[in-house]
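Data first, discussion second: the structure below is written as structure tokens.
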Amino acid sequence: MTIVGKSKRSPSFRRNRWMLSAILFVIWLYTILPLFYVVVSASKSNNDLFTTFGLWFSSDFHLLQNIHDVFSYQDGIFSRWLLNTIGYATAAGVGAALFSTMAGYALAKYQFFGKRLVFAIILGAVMIPQTALVVPLFLLMSKVGMVNTPWAVILPSLVFPPGVFLMRVYADDAIPNELIDAGRVDGAGEFHIFTALTLRLLMPGFATVLILAFVATWNNYFLPLVVLSSAEYFPVTVGLAQWYATATVGSGGGAALFTLVLAGALLSIVPVIIAFIVMQRFWQGGLGAGGVKA
């Protein structure tokens, strides 16, 4: 009977399996192809970039020279851009994750006047495109004298509505009310309960919000473009865009910058990959701790 039942559902099962496999392959190809193109193009000389097949390596492997040129061009300003981006993304990621965790925990476990309204506003903020807020943020920063400073990039990035929504949902299920009540019975304050008892259980969500905010700030282009005017404060996104704009002009040897832009784009991916690898430990550790505590 098992064999007959299996043979009856076998054709549709196989069709569904092949269909899902095809969809996954298309998604994988769509994701990996741009990255592969950047790796291939960053390994070519400027001449080979325009004369060889775009999706395969040329005979002249030029990656190391391109990396050297990236760090030496314009007195090595790319190093400054990379450090700026790491600083912006790290500060914004940690700050946004901390504030989102505290706000999500409060919305999930405390009762206060206007709670539903606050959560509705947060949900509405999730739907607002971040680019729509850049001009108001610029006007606000200009009023307080923070334009063309690192704070003009970091402070707006600390507000991360998707992280608050995520942590509110996560804290609602991850933190048992009995644990909070037990801490209160033992005489612990609310802040101590949060830091000593519940924060460890929230670490998987904290790590998720941190990496999401980190990547969002790392990839942010429009906000730094508007609020920063000095090249010494530029992140990688704005700096590489300036090099690309110079390359497209094509005057004064600007076209030679195409390989530098591609090599710089490849280098800018590396810290994000490292961040994902590092945060994996906190995901796994947080999940294990949550299982023990629960």
Inset, instruction - Quick one: sort the Trp81 and Phe78 rings into parallel, tilted or perpendicular, breaks at 30° and 60°. - result: perpendicular

Inset, instruction - Kindly compute the distance separating CG (Leu179) from CD1 (Ile193), expressed to the nearest 0.5 Å. - result: 8.0 Å

Legend entry - Residue pair Ile175 / Leu202, side-chain heavy-atom distance below 4.5 Å: yes

Legend entry - Identified side chain to side chain donor-acceptor pair (under 3.5 Å) counterpart of Lys44 within the set Thr259, Thr52, Asp60: Thr52

Inset, instruction - Nearest 0.5 Å please: distance from the OG1 atom of Thr246 over to the CG atom of Leu260. - result: 11.0 Å

Inset, instruction - Check whether any side-chain heavy atom of Leu223 lies under 4.5 Å from a side-chain heavy atom of Gln130, and answer yes or no. - result: no

Inset, instruction - Taking the side chain as every heavy atom from C-beta outward, state whether Leu33 and Leu55 have any pair of such atoms under 4.5 Å apart. - result: yes

Legend entry - Sub-4.5 Å side-chain heavy-atom contact between Asp48 and His62: no

Legend entry - Heavy-atom check, side chain of Ile23 versus side chain of Ser21, under 4.5 Å: no

Inset, instruction - Check the pair Val118, Lys115 against side-chain contact (heavy atoms from CB on, under 4.5 Å), reporting the backbone distance first and the verdict last. - result: CA-CA 5 Å; Val118 171; Lys115 174 180 176 178; 5.9 Å; no

Inset, instruction - Check the side chains of Trp243 and Gln74 for a donor-acceptor pair under 3.5 angstrom, ignoring hydrogens and angles. - result: yes

Inset, instruction - Can you establish whether the number of heavy atoms outside Phe191 located under 6.0 Å from its atom CZ is more than 12? - result: no

Legend entry - Ile77 side, atom CD1; Ser72 side, atom OG - distance, nearest 0.5 Å: 13.0 Å

Legend entry - Heavy-atom side-chain contact between Thr208 and Leu166 under 4.5 Å: yes

Legend entry - Met19 with Ile27, same ILVMFWY side-chain cluster at under 4.5 Å: yes

Inset, instruction - Side-chain contact test, heavy atoms from C-beta onward, threshold under 4.5 Å: evaluate it for Val227 versus Leu137 and give yes or no. - result: no

Inset, instruction - Check whether any side-chain heavy atom of Met141 lies under 4.5 Å from a side-chain heavy atom of Pro156, and answer yes or no. - result: yes

Inset, instruction - May I ask you to check whether Tyr110 and Tyr105 place their ring centers less than 6.0 Å from one another? - result: yes

Inset, instruction - Give the C-alpha distance, both sets of side-chain angles, the deciding distance and a yes or no for side-chain contact (heavy atoms from CB on, under 4.5 Å) between Gln242 and Phe234. - result: CA-CA 10 Å; Gln242 280 202 345; Phe234 284 171; 3.3 Å; yes

Inset, instruction - Examine Val236 and Phe222 and state if one hydrophobic cluster contains both, with Ile, Leu, Val, Met, Phe, Trp and Tyr joined whenever side-chain heavy atoms are less than 4.5 Å apart. - result: yes

Inset, instruction - Run the numbers on Tyr170 and Phe206 for side-chain contact (heavy atoms from CB on, under 4.5 Å), then give the verdict. - result: CA-CA 10 Å; Tyr170 186 81; Phe206 179 91; over 6 Å; no

Legend entry - From Leu240 atom CG to Tyr221 atom OH, the distance as rounded to the nearest 0.5 Å: 10.5 Å

Legend entry - More than 12 heavy atoms from other groups under 6.0 Å of CZ on Arg17: yes

Legend entry - Worked verdict on Phe258 versus Phe50 for ring-ring contact (aromatic ring centres under 6.0 Å, His included): CA-CA 10 Å; Phe258 279 116; Phe50 297 98; 5.6 Å; yes

Inset, instruction - Give the cluster check for Val159 versus Ile122: same hydrophobic cluster or not, with ILVMFWY residues linked at side-chain heavy-atom distances below 4.5 Å. - result: no

Legend entry - Side-chain donor-acceptor pair present, Thr217, Asn220, cut-off under 3.5 Å: no

Inset, instruction - Check step by step if side-chain contact (heavy atoms from CB on, under 4.5 Å) holds for Thr237 and Trp218. - result: CA-CA 8 Å; Thr237 51; Trp218 188 279; 5.7 Å; no

For residues 94-103, please give each side-chain donor-acceptor pair under 3.5 Å, one per line with the distance, not counting sequence neighbours.
unit_1, atom_1, unit_2, atom_2, d
Ser100, OG, Ala96, O, 2.7
Thr101, OG1, Ala97, O, 2.6

